[in-house]
Structures are given as C-alpha cells and as structure tokens.
Amino acid sequence: MSLAGVLRFVGILLIWIAIAMVPPTLMSTGEGLLLPWLASVAIVGILGSSLWLATTGEVTIDHRAGLVVVGLGWLAVVFVGGVPFVLTATTPNAVAALFESVSGFTTTGATIFPIVEELPRSILLWRSITHWLGGMGIIVLGVAILPFIGVGGAQLFKAEAPGITADRLKPRIAATARLLWSVYAVFTLVLAIAYVVLGMSVFDAVNHSMSTMATGGFSTRTASLAAYSPAIQWVTIFFMVAAGTNFALHYRGMTGRLDTWFRDDEWRVYAYLILASTAVCFAWLATADGFSIDTMRAAAFNVTAVITTTGFATVDFAMWPTVLQVILLGLMFIGAMGGSTGGGLKVVRIVVLAKHASNRFRLVHHPRAVVATRLGRTPIRPEIFLNVVDLFALYICTHAVGTFLLAAMGYDFMTSVSAALAAMSSIGPGLGMVGPAANYGFMSDGAMLVLSALMLLGRLEFYTLLILFFPETWTRALRSRTATR
C-alpha cells in the first residue's frame with residue numbers, strides 16, 4: 001500500500017469539497033457571511049492542494065489500500081465539512097459542527113438545530129450539498145471522473161458501495177460509477193422540477209430534491225415535509241422509494257428492461273415491506289383518526305421515510321401507538337436496498353439470512369439433501385454469506401454498545417435505543433427524546449461523538465472505518481514505503 005497514493009487521493013477529495021463550498025459562498029454575499037465562507041474555501045482548498053502537490057506519481061490501490069483510502073477520505077471530508085459551521089458561528093462548538101457535518105455526509109439527517117428557518121440560506125444549502133455528495137458516495141464520484149485511477153478503482157468502488165456485492169453495469173468500473181452518478185443526477189433534476197411545478201420555491205426545491213434522492217432528511221423547514229402540500233408529499237413518497245432502490249436496477253429499467261424491478265428478489269421484498277407496513281399502520285391509525293386519505297398519506301409517507309432511511313416526517317410518529325413504533329424500529333433496522341442511497345442493514349442481507357434459515361429447516365427434514373441459498377437464480381457463495389453473517393453480528397453488537405454508552409450518559413432507554421439505531425441506519429429522527437418533533441441539540445458533546453462514530457460505522461459498513469485502527473494497517477504500509485526507497 002502506497003501512503004503517498006492514499007494521501008494524494010485524500011487531497012483531491014478535499015479539493016472537491018472546497019469546490020462544493022463555492023455555491024454556498026456565493027449565496028452568503030447577501031447574508032454578511034462572505035468572509036467566513038471564503039476562509040472555509042481557502043482552508044479546505046489549501047489543505048487539499050498541499051496533499052495533492054506533495055504526493056505525485058501513479059496511484060496503485062490494492063484491496064487493503066482501497067479500504068484505507070475510503071476510510072481516511074471520509075474522515076477527512078467530514079472534519080473539513082464542519083469548518084463552515086464553526087467559522088459562521090452557527091454551531092455552539094466544534095463537536096456540534098462535526099456532528100452536523102457527519103450527519104450530512106452520511107445522509108443521516110440528524111440535526112442540532114431546533115428552528116432551521118433561522119439558519120442562513122448558505123448553511124441550509126451546504127447541508128443539502130453534503131447530503132447529495134454523500135448519498136451516491138464521494139469515492140464513487142472519484143472513481144467516475146479521475147483519469148489517473150486505473151489500477152484499484154474497483155477496490156475503491158467496492159469499499160464504499162453498500163450491499164453484499166458491487167453491481168457492475170459496464171466492464172470498466174469507472175464507466176459503472178459514471179452511469180450510477182448520471183442516474184442519480186437525472187432523478188434529482190426531475191424531482192427538483194416536479195417540486196417547482198407543485199409550488200415549492202426554487203431554493204426549497206433544490207434543497208429537498210438533493211436531500212430526498214440522498215435519503216438524507218435535512219429540510220429547509222422545521223416542520224419538514226409537513227410544511228408542504230399533499231401533492232408534494234405524494235411525489236416525495238415515490239422518489240423516496242426510488243432512492244431506496246438499487247440504482248443499478250433503475251439503469252437497467254431505464255435502458256429498456258421494464259420488468260427488471262419485479263424480477264428482483266430484493267426489490268419484491270422491499271416493496272412488500274413498504275406496502276404491508278403502510279397497510280398495518282393505516283389500519284391501526286384509522287381506528288382512532290378515521291379512514292381518510294390524510295391518514296393513508298401519513299402512514300405511507302412516514303413508513304417510506306423510515307425504511308428508506310430518508311428521515312423526513314409529516315407527523316410525530318413518536319406519539320403513535322407502541323405497536324406501530326415497534327414496526328418502525330424494525331424498519332429502521334432493515335433499511336433500504338443494497339446499491340441505493342439508503343442506510344440500514346439492507347434488505348438484501350435480511351433476504352439472504354431468511355432464505356438460509358429456511359433452508360436449514362428443510363435440512364432437518366431431509367438431512368441428505370443438497371440445498372443452496374440463492375438470490376434469484378444465483379447461488380450465494382459461502383464467503384458472501386459469511387460476510388453477511390459477520391456484518392449482522394457487528395451491527396447488533398455495535399448497536400448494543402452505542403445504546404449502553406448513551407444510557408450511561410443519562411438518557412432514557414427508548415431515546416438511547418432509537419438514537420443509536422437512527423444513527424447507525426442513517427435515519428436521523430428516532431423515538432423518545434429524539435423523535436421527529438425534536439432534535440439532537442440537547443445532547444452532550446460525548447453523546448454527539450458517540451453518535452457521529454455510529455453514523456460513520458453504519459454508512460461505511462464497519463470494516464472500511466475499523467481497518468484504520470489496526471496498527472498492522474500502518475506498519476505494513478511503512479515497511480512497504482521503506483522497501484521502495
């Protein structure tokens with residue numbers, strides 16, 4: 001592994017983040033915040049340029065280096081992403097700024113701000129931009145547009161892409177990355193236009209389209225999507241479902257294979273979970289509120305927002321009956337599809353585990369049978385199944401540790417459980433004191449750091465981040481560097 005290659009890639013990531021700060025900087029001219037924004041751009045740009053210029057040469061990335069690049073790159077990005085919050089004095093301290101930045105880039109949507117309308121428009125735009133960049137993946141973007149990444153591009157793509165496998169739409173991984181980002185951008189543009197047509201301001205439409213397609217949840221309104229018309233909410237439901245779907249399926253469907261979605265095992269389970277959960281929530285709520293289209297919309301919107309991990313809300317579902325809160329907690333855990341911008345454990349892993357468990361029951365009755373766990377018609381290779389089991393165990397254990405740490409800091413059981421799960425699954429709002437009508441601003445710096453770590457671990461699916469904390473990762477790199485001198 002070449003440390004120079006790793007740092008060079010991190011440098012270019014920081015340069016992109018500096019460029020991404022330009023639109024909010026231009027918007028800040030009428031807010032009296034131009035100097036803080038210019039300073040933010042300069043700090044991040046100079047840091048990135050220094051790393052880029054100090055590390056020249058070809059970038060060759062193997063599997064371990066790919067994990068290090070993605071892990072270190074994400075850490076660098078979320079740290080510099082908090083600079084505007086600090087310099088514009090919109091957050092009380094650096095920890096809160098880091099929390100907001102991590103929440104943005106990981107598309108969690110948890111916020112410390114009680115009234116977002118009081119924030120400068122430049123900060124609102126920056127929050128949405130962090131969502132959009134983190135949604136499809138800043139590393140995937142790098143693979144798509146950087147010509148110097150030849151060897152190792154597939155390693156970077158695999159290290160950041162969520163799910164059990166990284167779908168290749170084209171033989172070259174860079175072409176696949178470009179196609180995925182193109183589909184992502186087209187959906188975002190179409191949604192922004194739809195929002196404007198339905199009555200949103202252009203500013204709100206741009207922000208909400210980026211937030212929706214990234215399954216983020218940051219809004220320009222404290223009331224979230226409840227502040228907008230029923231038509232806007234129905235359109236958002238459709239695009240949240242689309243954002244929680246594997247984008248490779250969208251590409252295949254858009255190129256003529258219209259039955260692609262319905263033939264996919266994971267998508268059918270994903271659609272069934274949305275429909276079944278919506279039906280149960282609607283029926284239960286209707287017994288108290290009456291059968292109406294408004295009740296149906298509330299059930300459909302909030303179920304979809306939770307399972308896709310978008311985190312928007314139109315009602316305070318923390319006030320729903322306990323049985324419905326249990327359903328929502330289950331959907332938070334499952335999350336969206338692999339290859340989507342959504343978080344959670346991913347539907348595909350639940351499908352694989354359920355099919356394997358079913359096969360084990362069959363073997364009880366037929367001990368000599370040869371039964372393969374399949375996803376569609378494709379058998380699941382043993383190493384992939386073991387990866388699914390390993391990540392499932394890590395997910396459960398990490399959530400338990402996160403819940404324990406939050407409880408040890410004095411937060412009640414429901415708040416601790418749901419906040420840890422909402423952070424790991426990139427949802428944002430949870431239950432208890434962190435419900436949709438609340439925010440995370442009341443939490444201590446220690447709790448924010450714990451939740452920030454959980455957000456990163458969940459978004460990068462553990463291994464990519466944890467490898468940075470193994471001494472062997474760096475000792476082998478240093479030995480490699482010494483040997484080349």
Between E461 and K346, is there a side-chain N and carboxylate O pair less than 4.0 Å apart?
-> yes

Compute both the distance and the angle, then confirm whether R121 meets the cation-pi test with F203: under 6.0 Å from the six-membered ring centre, within 45 degrees of the axis.
->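 Judged by the rule, R121 and F203 form a cation-pi pair.
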
Within the 4.5 Å heavy-atom criterion, are [X] and [Y] side-chain neighbours or not?
| X | Y | result |
| --- | --- | --- |
| T88 | S40 | no |
| T215 | H131 | no |
| V269 | I350 | no |

Is there a donor-acceptor contact under 3.5 Å linking the side chains of [X] and [Y]?
| X | Y | result |
| --- | --- | --- |
| Y195 | T236 | yes |
| T222 | E117 | yes |
| D204 | Y228 | yes |
| Y395 | S425 | yes |

Between CG of L421 and CG of L345, what distance do you get to the nearest 0.5 Å?
-> 10.5 Å

Just how far is it from atom CZ of F312 to atom CZ of R221, taken to the nearest 0.5 Å?
-> 12.5 Å

Side chain [X], main chain [Y], donor-acceptor under 3.5 Å:
| X | Y | result |
| --- | --- | --- |
| W16 | G11 | no |
| T90 | V86 | no |
| S28 | E31 | no |
| T107 | G134 | no |
| T188 | M210 | no |
| S277 | I274 | no |
| T415 | Y411 | no |
| T295 | F291 | no |
| Y440 | G428 | yes |
| R349 | V388 | no |

Would you check, one step at a time, whether the test side-chain contact (heavy atoms from CB on, under 4.5 Å) holds for N246 with W267?
-> CA-CA 8 Å; N246 189 332; W267 191 86; over 6 Å; no

Evaluation steps, side-chain hydrogen bond (donor to acceptor under 3.5 Å, both in side chains), between N207 and S219 = CA-CA 7 Å; N207 281 273; S219 176; over 6 Å; no

So, [X] versus [Y], ring centres under 6.0 angstrom or not?
| X | Y | result |
| --- | --- | --- |
| F301 | W234 | no |
| H250 | F187 | yes |
| W181 | W132 | yes |
| H399 | F333 | no |

Between L125 and T220, is a side-chain contact (heavy atoms from CB on, under 4.5 Å) present by the stated rule, with each step listed?
-> CA-CA 9 Å; L125 180 59; T220 57; over 6 Å; no

Among T130, T111, T91, find the residue that satisfies the side-chain hydrogen bond (donor to acceptor under 3.5 Å, both in side chains) test when tested with E100.
->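 Only match with E100 under side-chain hydrogen bond (donor to acceptor under 3.5 Å, both in side chains): T111.
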
When you look at W37 and S122, which way does the side-chain hydrogen bond (donor to acceptor under 3.5 Å, both in side chains) test go after all the steps?
-> CA-CA 9 Å; W37 272 104; S122 58; 3.1 Å; yes

